[in-house]
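This report refers to the structure that appears directly beneath it.
Below, chain A is the first sequence line, B the second, and so on; all start at residue 1.
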2 protein chains.
Amino acid sequence: MAGRECSIANALAVVGERWSLLALREVMFGERRFDQIARNTGASRDILAARLRKLVEAGVLEKRQYEQHPPRYEYVPTEAGKALQPILMNLMEWGDRYVTEGPPPTVWEHTCGAELPSCTPRRCARAAASRSAASGSYEWAGFSRTVGDP
Amino acid sequence: MAGRECSIANALAVVGERWSLLALREVMFGERRFDQIARNTGASRDILAARLRKLVEAGVLEKRQYEQHPPRYEYVPTEAGKALQPILMNLMEWGDRYVTEGPPPTVWEHTCGAELPSCTPRRCARAAASRSAASGSYEWAGFSRTVGDP
DNA sequence: GTGCTAAGTTGGAATTAAGGACGTACTAGG
DNA sequence: CCTAGTACGTCCTTAATTCCAACTTAGCAC
């Protein structure tokens with residue numbers, strides 16, 4: 001037990017469990033409600049509830065009530081949550097390059113036309129293509145992403 | 001089950017399990033042998049063996065024999081493994097900022113004296129300080145890291 | 001009343017991890 | 001020869017987690 005004292009380990013204690021980063025991905029993609037996150041990640045509802053609670057306790061997400069009767073909540077990223085976005089982007093690029101077979105399921109690019117280097121922070125990004133079936137668009141923290149058929 | 005088709009999910013299928021990224025951290029820190037990785041991560045030996053096998057199968061690490069009699073192996077990063085380094089660095093920075101209390105356990109800086117922005121790839125980096133008890137130094141893929149008392 | 005959506009909770013089965021002992025193979029010391 | 005120590009795992013038993021489906025609560029629409 002124990003292991004080296006290290007901020008990587010500390011970070012993983014917060015976001016390193018299964019489904020945590022995928023839940024965060026959904027929030028980043030604009031899906032902020034429990035059922036949407038559950039559907040899009042494929043996580044069990046009980047585990048997802050536990051992960052979201054933990055992320056809220058850790059200050060990565062904030063639970064915000066968007067309806068009084070009946071009470072309904074959505075999850076929005078805090079500053080710490082937003083700071084994880086580059087990590088998710090890098091992870092996606094790594095997955096594109098070394099794991100995913102075929103073309104990347106989602107591609108981001110600058111709305112300004114510049115190419116998107118593997119560097120953070122990124123601003124002015126827009127999803128150019130997606131093999132995902134869902135449609136919609138979303139903007140957050142300087143990012144803009146569109147999902148849909150070309 | 002199922003969930004969105006996404007390279008983040010694909011990446012996490014390879015490196016998202018508990019201990020995988022910490023094992024990779026050790027390899028990145030220059031600890032490439034089973035016992036060292038086990039000690040420094042705190043993982044159970046059987047689980048660690050399973051993770052390392054998986055990482056080798058996924059092409060992230062390579063198992064290299066460094067001794068014939070008795071056969072002894074060490075784990076070295078492949079190109080895919082090296083490509084994960086920026087992600088670990090970003091995760092460490094995120095942990096430093098939002099999780100770890102007190103000063104960062106490990107600090108990297110450019111050997112050229114320039115400050116180290118939160119951007120990849122990094123070259124010419126050197127660990128300036130560490131609260132870790134262990135001593136030693138290590139260089140890999142343009143990084144140089146020193147662990148020890150100032 | 002029936003069905004639908006949303007955001008979870010509950011209970012029981014299945015899976016995974018923890019922790020330590022053990023095996024094998026070699027080296028060093030007495 | 002006998003004992004220790006190092007290295008790299010595997011095996012076994014117990015403990016903790018996760019999965020899955022069903023259920024709850026609360027309101028709205030028909």
Compare the minimum distances between each of [options] and the side chain of [X], then state the nucleotide with the smallest one.
{"X": "A/P70", "options": "C/dA17, C/dG8, D/dA26", "value": "D/dA26"}
{"X": "A/R45", "options": "C/dG8, D/dC8, D/dC19", "value": "C/dG8"}
{"X": "A/F34", "options": "C/dA7, C/dG19, D/dC19", "value": "C/dA7"}
{"X": "B/R51", "options": "C/dA17, C/dA18, C/dA6", "value": "C/dA17"}
{"X": "B/Y66", "options": "D/dC8, C/dT9, C/dA6", "value": "D/dC8"}

Are A/R33 and A/Y66 in a cation-pi setup, meaning NZ or CZ lies under 6.0 angstrom from the ring centre and within 45 degrees of the ring axis? yes
I need the [atom1]-[atom2] distance between [X] and [N], as an integer number of Å.
{"X": "A/R32", "N": "C/dA7", "atom1": "CZ", "atom2": "P", "answer": "14 Å"}
{"X": "B/N40", "N": "D/dA7", "atom1": "CG", "atom2": "P", "answer": "12 Å"}
{"X": "A/Q68", "N": "D/dG27", "atom1": "CD", "atom2": "P", "answer": "12 Å"}
{"X": "A/E67", "N": "C/dG8", "atom1": "CD", "atom2": "P", "answer": "13 Å"}
{"X": "B/D35", "N": "D/dT10", "atom1": "CG", "atom2": "P", "answer": "13 Å"}
{"X": "B/I47", "N": "D/dC11", "atom1": "CD1", "atom2": "P", "answer": "13 Å"}
{"X": "B/L48", "N": "C/dT16", "atom1": "CG", "atom2": "P", "answer": "17 Å"}
{"X": "B/E17", "N": "C/dA17", "atom1": "CD", "atom2": "P", "answer": "6 Å"}

[N] phosphate, OP1 or OP2, under 4.0 Å from [X] side-chain N/O:
{"X": "B/R53", "N": "D/dT10", "result": "yes"}
{"X": "B/K54", "N": "C/dT16", "result": "no"}
{"X": "A/R72", "N": "C/dG8", "result": "no"}
{"X": "B/W19", "N": "C/dA18", "result": "yes"}
{"X": "B/R18", "N": "C/dA18", "result": "yes"}
{"X": "A/Y75", "N": "C/dA6", "result": "no"}

Enter the distance from A/L52:CG to A/R45:CZ here, rounded to the nearest 0.5 Å. 11.0 Å
Euclidean distance, B/L12 CG relative to B/I8 CD1, rounded to 0.5 Å: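 Output value for this atom pair is 7.5 Å.
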Evaluate whether atom CD of A/E67 has more than 12 neighbouring non-hydrogen atoms of other residues, nucleotides or ligands under 6.0 angstrom away. yes
Compare all side-chain heavy atoms of A/W94 with those of B/V14 and state whether any distance is below 4.5 angstrom. yes
Taking donor-acceptor contacts at under 3.5 Å, does the side chain of B/R33 reach the base of D/dA7?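 Under the 3.5 Å cut-off, the side chain and the base do not form any donor-acceptor pair.
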Any donor-acceptor N or O pair under 3.5 Å, side chains B/E26, B/Y75: no
For A/V27 and A/R32, the nearest pair of non-hydrogen atoms, with its separation, is O-NE, 4.0 Å
For DNA chain D, whose closest nucleotide is more 5', that of A/D46 or that of A/P71? A/D46
At what angle, to 10 degrees, do the two end axes of the helix from C/dG1-D/dC30 to C/dG30-D/dC1 meet, given five pairs define each axis?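 Answer rounded to 10°: the end axes differ by 10°.
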Please determine if A/R39 and A/E31 form a salt bridge, counting it only when a charged side-chain N lies under 4.0 Å from a carboxylate O. no
